[in-house]
Each structure stands twice: as structure tokens, then as C-alpha cells.
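So that the names make sense, note that chain A is the first sequence line, chain B the second, and so on, each numbered from 1. Here the structure is a predicted model, which is why all the values come from computation and not from measurement.
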2 protein chains.
Amino acid sequence: MTLDRRIREDIEARIRSGEWRPGDRIPFEHELVAIYGCSRGTVGKALGALAKSGLIERRRKAGSFVAHPQVHSAVLEMPDLAQAIAARGDVYRWQRTGREVAPNHADFPGGAVVVDGVHFGGDEAFALEHRFIALAAVPDAVAERFVDEAPDEWLLRHVPWTSARHGIRAVAMTRGEAETMGVRTGTAALELTRTTWRSSDMVTRVRQLFRGDRFDLVAEFHPGTR
Amino acid sequence: MTLDRRIREDIEARIRSGEWRPGDRIPFEHELVAIYGCSRGTVGKALGALAKSGLIERRRKAGSFVAHPQVHSAVLEMPDLAQAIAARGDVYRWQRTGREVAPNHADFPGGAVVVDGVHFGGDEAFALEHRFIALAAVPDAVAERFVDEAPDEWLLRHVPWTSARHGIRAVAMTRGEAETMGVRTGTAALELTRTTWRSSDMVTRVRQLFRGDRFDLVAEFHPGTR
DNA sequence: CAGTGGTCTAGACCACGCA
DNA sequence: GCGTGGTCTAGACCACTGG
């Protein structure tokens, strides 16, 4: 156990136990230096980590204070479909249902490849996918058929380090969607919309539709544990 | 601009631009020390932050390497209902529709308070809520009516620093739910289930139901920006 | 204006793991 | 064995800001 971590966990335990309550000032750096018999650098690193995780606030001249809790953000595990399906014990399969090139799409200067397909788990359709891939950012995509490999896996190998924005909604399936999924029209579905950038260039935009009764997302929030 | 941050952004820019690709080794600490003319501590802090954010991997004796991208987690902003509704320009209102004490609930040793209610935005029902509050962790809850104040706000003031787990699904509204929400039975709804702990004690469990067409969650993923 | 946190330095020792 | 990253030290200067 490193000292840095021990200091963090000591302080976190006092906060979680209620011994130090929101708004309370915790000991100054130089006091913690005396308590733990270490250098200021080590204490500073521990407090810095606690501040980054949102558990404390630090103010010059005033000291460090227990922050007021705000359970307003959580880490959401976005599913890798192939893995999620494999974890359920099913065999994953991608089936492309359509592909075209849109040379002039309003949202994609330089054009886009549009791919439609279905992610299967065993014999059941697990998710529908409708995807745009920007040719300006990923010119290689124009030569790719996406028959044997799903676009997400292909993109992961061809486009390094992206950022993303996800939208999550509940929608009723249209008739065509429901037919493909093998459920009744109007069945509740979880709609995941993801836009992905590399630096400031849009790389891909995808809409994935999951059966509401077969799929759920999980988000964890553990301040200080990050 | 601090030097620590400048080093981080330099390296991140080279990774995002593709100059350094996944799997590539980036310069050793002592090389970066020479490049930036600073101490090893500063370089180490910068690389440590990049590693924590998942942009690089560090291995003893081998060096630091550009990680392979994995867009599998994102920071989800969990809505504060009152704020979310206010942001839409509506007036927020909580209406309790039920409250009882369950002294012997299987999941809550020590019993629980069970609260039902509706979150309104203007005249429209925005979300339904069904909540358990563990009396073992929050004994004060037995005396609280939750008429004037919604349980989430009350809990925020009475139970500091919790961790939580969220589940997100799409469901079809039951007849009773749909009537309360003023929509047709079977309408798609976003179901948010949150369980909250303080240390290892379960504090509360809530199921919130949102109209799918009036509500969406947003999750951002920006490696290195965290 | 005095004391805090923010940042940085120039060392040090150590464990690990590749060669 | 030996070089790497992981951790820590005992200082230092500075900007900010609360009293």
C-alpha cells in the first residue's frame, strides 16, 4: 500500500463515515504532513486526486473542504455488442442489410458511407444499426464492404483515439424495425445514438436500436474510486 | 499554461493526429526530461495523468505506449429533475401519491419507507417515481412525509457522499402508469433504476419512469479531458 | 499581507521485468 | 544485470485570496 493511497483512503473513509461532513474543512497540507510524517508532495498528490474525483474542494488560503455531494454523473459502460452477446452465452453475428455511398450528405462534407445491419445473438436480432461513416475523416471506408466485419470493429482498428457523445432514449419500434427484430410493432426499444470525433473531425454517427426487454445499460458512480 | 499540462497536450495532440499510433512507444521519461528541460517529477505527473485517462499504457522497463482505443465507457450526466425541468423553462413540482412504512422488507433489514410520487414540469407529468428508503441507514426518514419536498432533495441534505449504480432500460408503460402520465398504454418509457449506498449500507433504491419522447440522457466520452 | 494551495526541482531508493 | 517507471523527499518560488 503506497502512502499516497493510504492518505486518500483515510480521508475518504472519514468523509463517507460522516465524521467529516460536507462543508467541513479538512486538515491543512502542513498538518497532514505532520500526521503522516511525509513530505508535502505526497499529501498534495493525495488531496489532488480527491479533488479531481469530486470528494473535496480546495481553495487557496482557505484550505480543503469536503464537497457537497452531487450524484449527477456516473460512468456508463458502453457495450461492446460482440462481447455483451458473448457474455450472455450466445454466438455473435453481424449481418449487413444495406450499404451505399452518399457523396453529398448535408452533415458530412466529403460524403459518407451509409451502412445498415443487424447484430445477432444466437438466432435473435439483438440490435439494429444505421450508421454513417465520414469519408473526409475515414477515406478508406469507401472501399470497405462491411459484410464480414461490423463497422464498429473495423473503425476501432482504423481510427485511433476518438471522443464520443451518446444519446439515450426510449422509442417505439416502427413496423419495419419490429419485423426485423421479430417483435410487435410499437414494442419499446432503447435507442442509442453515438457521434464520434477524431480531434474536431466527425468520424461516424450511429443509431442503434435494442429490444427494451433484452437489454439494459449500467452506470456506476463511485467518487474517489475512479 | 503549466508545464505539466503543456506536456500532456503535446503528447495527446501527437496521438490524436495519428503521428503516434496505438502500440507505438512514446519517448522515455528521461528523454522527455531532456526535451522539455524539466525534472522527472513533472514528466511523470503528465504521463501518469495520460495513463489514468486511458490514452497511454505504462510498463516498467519497456516504456510508455499509446493505448488501443476503447470507447467503452462514458460519463453520463444523471439528471437533477428539478434542474432539468427548470432548464426547459417549465415550473417544477413534486406530488406525492403514496407513502407507507414496510417494517419487514426482504431487501431492507430494518425496514424501509416506500414513497410514490410524480415529478411535474408545468402541467405535464415528467417522471413517475417509486422509491424505497432504508431505515437502517436513514432512520430519520420514518418521520418525514415527503409531501412538500421530493425524496431526492431531502436525501441529498441528510445523507452525505454516497455511491450509486444505475440501470437504464426501455419499457412499455402499464395502464396505470400511462394514465398518470397522460399517455396511451404501452407508450415507450425510459426506466431509470438507481440504488444508492453509503459505505456498504444501502440507502435508497428508486425506479423512475420517463416519457421516451420527452426525455433523453446524454453521455460524453473525452479521454484525456477528464 | 500572511498563509494557503499550485507547481516545480533535483535528487533518492525500489520493484519489476526484459534482455 | 540494468534501465524503466513508481514513489517519495525536502526543499523552493509563486499566485491567489481571505482576513
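Scanning for ring-ring contact (aromatic ring centres under 6.0 Å, His included) contacts around A:H130 gives A:F132, with sequence neighbours left out. With sequence neighbours left out, the side-chain hydrogen bond (donor to acceptor under 3.5 Å, both in side chains) criterion links B:E9 to B:R5. By the ring-ring contact (aromatic ring centres under 6.0 Å, His included) test, B:W20 is found to be paired with no residue, residues two or more places apart in sequence or in another chain being considered. Residues satisfying the ring-ring contact (aromatic ring centres under 6.0 Å, His included) test with A:H68, not counting sequence neighbours, are none.
As rounded to whole Å, 18 Å separates atom P of D:dG3 from atom CG of B:L32. Atom CD1 in B:I56 sits about 15 Å away from atom P in D:dT4, given to the nearest Å.
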**OP:** Sugar-phosphate atoms are those with a prime plus P, OP1 and OP2; base atoms are the rest. Using that split, label each nucleotide of nucleotides 1-8 of chain C B, S or - for protein heavy atoms under 4.0 Å, 5' to 3'.
**Re:** --BBBBBS
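The salt bridge (Lys or Arg N to Asp or Glu O under 4.0 Å) contacts involving residues 68-89 of chain A comprise A:R88-A:D90, where partners must be two or more places apart or lie in separate chains.
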